[in-house]
Structure formats: C-alpha cells, structure tokens
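Here the structure is a predicted model, which means the values were calculated and not measured.
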Amino acid sequence: PEIDVPLMEQSSASLHDVMERRISGRDYGSQILSLADLSHFLYRVARTKQVQSQGGPEVQSRPYPSGGSLHELEFYVAVRQCEGLMPGLYHYQGLNHLLRHLPNSEAAAQRMHTLSATCMGQPDLPPDALIVVSSRHPRIAMKYEGISYRTSLLNAGVAIQTMYLVATDMGLQGCATGIGDSRIFEAVTGLDRFEETTITEFALSAPAKSD
C-alpha cells in the first residue's frame, strides 16, 4: 500500500547557524519520531521536483545535486517506531511524495536497526527510523561507465550532508552509519544487486527531551 505523507509549515535557521550546530546526533529519549517530521525530512531531502527527457537518459531535479542530474539514488525508510506508521521497510516515492510499504518487511527492518545501533556503539538503543539509500547502478553507468560507482558514492556523500543539515535544522537526531548488509535489502525487495543495491544509511530519531 502507498501512504500519503503530510507536510507541515516550518521555519528554517540560517545556513551558517545550521552548519555550526551540526553533529552526529544519537542522543535518544522517550520521544518518538512523528510521521509529520519524517515526511517533512524526506520532502526537504529527497523529493523529485522535476523530470525531463531530452532524447537521452531521463534527468531529474532534486534538492541535492547529482552527477549528470541522473539521480540514481533511491531512498527507503526502515521504521522501528514512528507515530502514524507501522514497523517495516518503506520506499519513498519522491515524485508524488508517498511512502510505499514493502510487504513482510518487519523482520528485515529490525535487522537493519540492529546493525545500525551496533555500528553507533549503542546496541541497545536503535534509532526510530533508518534512511536506507540505494543506487540504481545501471542508470548512472549509462553516462559515467568506468567511474559510475565512484560517482554514485560521491552523490551519496552529498545526500548524507543534506540529511545532516535538514535533521539539524528540524531539531532531529541524525547520524550516518558506516555499516549495513546489502543482502538484507536484496532479500526483502527481491532486487538484483547488480540492478540496485544499498550504499549508505542514515539513522534518524526524535531528540532527547527531559520528561
């Protein structure tokens, strides 16, 4: 099923202020990430603003830049706990701003969270949600050929910085993680690893607040 995710009005701090405050945040408390916050985060980071076809590969416009404007990166959300969403893995549909739930994905999402929490040195404190970024490698290989994987990694780095800045501006806890198992993603999605595979992850949670 596809889930229409809401947007909310929100002010933004200056870029200088956000960059100065940016940290790898993993200080979680009793608060739970809301669907509204997750929706706004995805909209600011990964929505598709425009799609064009000019006789060659389809090009897109998103909030972050990408080599050749090909935007081979796809965004998934492994939900552990989020107000308004059941646990599982969701594929973000950037053009329509929708979340598509992958069936029978709860166990896979839990395994992703276990790895993420272990990577961050707090195995008993997993994040609320994990943004799983994959690459549709053949899409970017059409243009970049021998340096396509390197280009995709560079694009992922840009996306990670964008996620850090948006999370900081929204007052959320965000932290890139350096571990993950693409085999979990492959098993739950049924996708061929040579067609699409995960390349990075970003833990996202509500901030810790005193009760």
Side-chain angles (χ1 to χ4, degrees), residues 3-49 62-64 73-94 97-99 101 109-110 112-134 156-180 198-211:
I3 300 169
D4 190 9
V5 282
L7 286 175
M8 60 183 181
E9 293 292 331
Q10 191 173 66
S11 59
S12 181
S14 72
L15 177 61
H16 174 77
D17 176 67
V18 172
M19 293 184 71
E20 288 295 305
R21 290 190 289 111
R22 187 218 57 79
I23 60 170
S24 292
R26 42 186 183 267
D27 183 15
Y28 311 145
S30 59
Q31 301 292 320
I32 297 177
L33 184 69
S34 70
L35 177 57
D37 276 338
L38 176 60
S39 168
H40 198 75
F41 176 86
L42 291 170
Y43 183 83
R44 291 180 64 178
V45 169
R47 77 184 187 277
T48 300
K49 299 190 290 184
R62 294 184 187 176
Y64 65 91
L73 300 183
E74 293 291 321
F75 292 78
Y76 295 78
V77 186
V79 173
R80 185 179 71 87
Q81 59 177 12
C82 178
E83 294 177 352
L85 285 179
M86 63 181 182
L89 186 65
Y90 295 79
H91 184 198
Y92 178 59
Q93 313 287 298
H97 192 54
L98 297 171
L99 285 172
H101 180 252
Q110 184 177 4
M112 290 177 177
H113 278 277
T114 298
L115 285 173
S116 174
T118 301
C119 173
M120 293 188 289
Q122 46 190 51
D124 297 325
L125 195 60
D128 293 339
L130 190 65
I131 310 300
V132 180
V133 182
S134 68
V158 174
I160 286 173
Q161 173 70 338
T162 304
M163 289 191 280
Y164 264 121
L165 296 179
V166 172
T168 300
D169 191 41
M170 293 181 63
L172 301 174
Q173 294 286 293
C175 181
T177 61
I179 195 170
T198 56
I199 55 174
T200 193
E201 297 175 352
F202 187 86
L204 187 70
S205 285
K209 293 183 180 179
S210 58
D211 295 326

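- Taking 4.5 Å as the limit, every side-chain heavy atom of Val77 sits out of range of all side-chain heavy atoms of Leu85.
- Under a 3.5 Å cut-off, the side chain of Tyr64 and the backbone N or O of Gln161 do not form any donor-acceptor pair.
- Applying the 6.0 Å contact sphere to CD of Gln81 captures more than 12 heavy atoms from other residues, nucleotides or ligands.
- Distance check, rounded to the nearest 0.5 Å: OH of Tyr76 to CE of Met112 gives 9.5 Å.
- Side-chain atoms of Asp169 come within 3.5 Å of backbone N or O of Ala13 as a donor-acceptor pair.
- Between Phe202 and Phe41, the ring planes are parallel. Angles under 30° get that label, and only those over 60° would be called perpendicular.
- Between Tyr164 and Ser24 the shortest heavy-atom distance is OH-OG, 2.8 Å.
- Considering every non-hydrogen atom in both Ile179 and Leu115, the closest pair reads CG2-O, 3.4 Å.
- A 4.5 Å side-chain heavy-atom check between Cys82 and Arg80 finds every atom pair outside the cut-off.
- Aromatic ring centres of His97 and Tyr92: separated by under 6.0 Å.
- A pairwise comparison of heavy atoms in Ala159 and Phe75 identifies CB-CZ, 4.2 Å as the closest pair.
- For Gln31 (side chain) and Pro207 (main-chain N/O), no donor-acceptor pair under 3.5 Å exists by modelled atom type.
- For the pair Arg47 (side chain) and Pro63 (backbone), a donor-acceptor distance under 3.5 Å is absent.
- Counting only heavy atoms from C-beta outward, the side chains of Met86 and Val79 never approach each other to under 4.5 Å.
- Judged by distance alone, the side chain of Ser205 and the main-chain N or O of Asp128 form a donor-acceptor pair under 3.5 Å.
- Side-chain contact between Cys119 and Glu201 is absent, with no heavy atoms from C-beta onward closer than 4.5 Å.
- The shortest distance between side-chain heavy atoms of Asp37 and Leu204 does not fall below 4.5 Å.
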